[in-house]
2 protein chains.
Amino acid sequence: MTYTVAINVMPLKDLLDPQGKAVLGGLHNLGLRSVADVRIGKRITLQVDAENEEAAKAIAKEAATKLLANQVMEHFEISIL
Amino acid sequence: MTYTVAINVMPLKDLLDPQGKAVLGGLHNLGLRSVADVRIGKRITLQVDAENEEAAKAIAKEAATKLLANQVMEHFEISIL
């Protein structure tokens, strides 16, 4: 069966996120002053051909670990859509 | 109250996603052959100070429309975490 899997890759909480800081400045300049602490990561969706959800998640985890996420600076979470 | 809001910005389905195509090639080279149709977007989390969830979502929608998403090429969805 084919599963649609989403992988969210976000910068670790303890690290600075300069891109997020820049966007936060932009939002404030647009008048959106009630926004704080913007963090920007990646969202990757993939179609995975696997026997069951667990197997699909395992493949997505391998993809995230080997290629998509840099675990020194980022953490990821996987969900089936 | 402060809400954590996530905005997922993804390329429109009908458009090519060259970054996704490149990653798909990389995953196949790594031996992950059961993966197909990789699409890469952004995930933005923000802290929004608002009276209720609806108001927080409205602010996030304004941020996405005005700055974060290019609606010619991308669509976005908003969720409260």
Side-chain angles (χ1 to χ4, degrees), chain A residues 1-13 17 19-52 55-69 74-79 81, chain B residues 1-13 17 19-52 55-69 74-79 81:
Chain A
M1 227 187 111
T2 302
Y3 295 90
T4 303
V5 185
I7 306 172
N8 295 330
V9 182
M10 298 300 292
L12 289 175
K13 281 206 181 63
D17 176 8
Q19 199 185 358
K21 280 261 182 295
V23 165
L24 180 61
L27 291 173
H28 282 183
N29 287 341
L30 285 170
L32 292 164
R33 300 228 147 250
S34 51
V35 176
D37 194 19
V38 178
R39 297 189 78 80
I40 299 184
K42 286 174 289 188
R43 180 175 171 88
I44 300 123
T45 60
L46 3 121
Q47 304 290 327
V48 180
D49 197 36
E51 294 213 340
N52 53 49
K57 277 190 185 180
I59 290 168
K61 189 177 175 186
E62 193 180 343
T65 311
K66 286 192 179 168
L67 186 67
L68 300 170
E74 296 167 327
H75 69 100
F76 64 86
E77 54 187 36
I78 291 168
S79 55
L81 300 187
Chain B
M1 226 187 112
T2 301
Y3 296 91
T4 303
V5 185
I7 306 173
N8 294 329
V9 181
M10 298 300 291
L12 289 175
K13 282 206 179 64
D17 177 7
Q19 198 185 359
K21 280 261 182 294
V23 165
L24 179 61
L27 291 173
H28 283 184
N29 286 343
L30 286 170
L32 291 165
R33 300 227 145 253
S34 53
V35 176
D37 193 20
V38 178
R39 298 189 79 78
I40 299 184
K42 287 174 290 189
R43 180 175 171 88
I44 300 122
T45 59
L46 2 123
Q47 305 290 328
V48 180
D49 197 37
E51 295 214 339
N52 53 50
K57 276 190 183 178
I59 289 167
K61 190 177 175 187
E62 194 180 343
T65 311
K66 285 191 178 167
L67 187 68
L68 301 170
E74 297 167 327
H75 69 100
F76 64 87
E77 53 187 35
I78 291 167
S79 55
L81 299 186

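Computation of the quantities below employed the complete heavy-atom set of this structure, encompassing side-chain atoms and omitting hydrogens, waters and symmetry-equivalent molecules. We name chains A, B, ... by the order of the sequence lines, and we start the count at 1 in each one.
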First locate atom [atom1] of [X], then atom [atom2] of [Y], and finally report the distance between them rounded to the nearest 0.5 Å.
{"X": "B/Asp17", "Y": "A/Ile44", "atom1": "CG", "atom2": "CD1", "answer": "10.5 Å"}
{"X": "B/Arg33", "Y": "A/Ile59", "atom1": "CZ", "atom2": "CD1", "answer": "13.0 Å"}
{"X": "A/Arg39", "Y": "B/Thr4", "atom1": "CZ", "atom2": "OG1", "answer": "12.0 Å"}
{"X": "B/Leu24", "Y": "A/Leu67", "atom1": "CG", "atom2": "CG", "answer": "10.5 Å"}

Quiz item: Heavy-atom count around A/Lys42 NZ within 6.0 Å, excluding the residue itself: above 12?
Solution: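 Yes, NZ of A/Lys42 has more than 12 neighbouring heavy atoms, counting only those of other groups under 6.0 Å.
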Quiz item: Which one, B/Asp37, B/Leu68, B/Val23, B/Ile7, leads in non-hydrogen pairs under 4.5 Å with chain A?
Solution: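 If we count pairs closer than 4.5 Å to chain A, B/Asp37 comes out on top.
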Quiz prompt | A/Arg43 versus B/Glu77, closest heavy-atom pair with distance | solution =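 Shortest heavy-atom separation between A/Arg43 and B/Glu77 comes out as NH2-OE2, 4.2 Å.
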Quiz prompt | Contacting moiety of A/Leu32, where chain B heavy atoms sit under 4.5 Å | solution =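 Just the side chain, heavy atoms under 4.5 Å.
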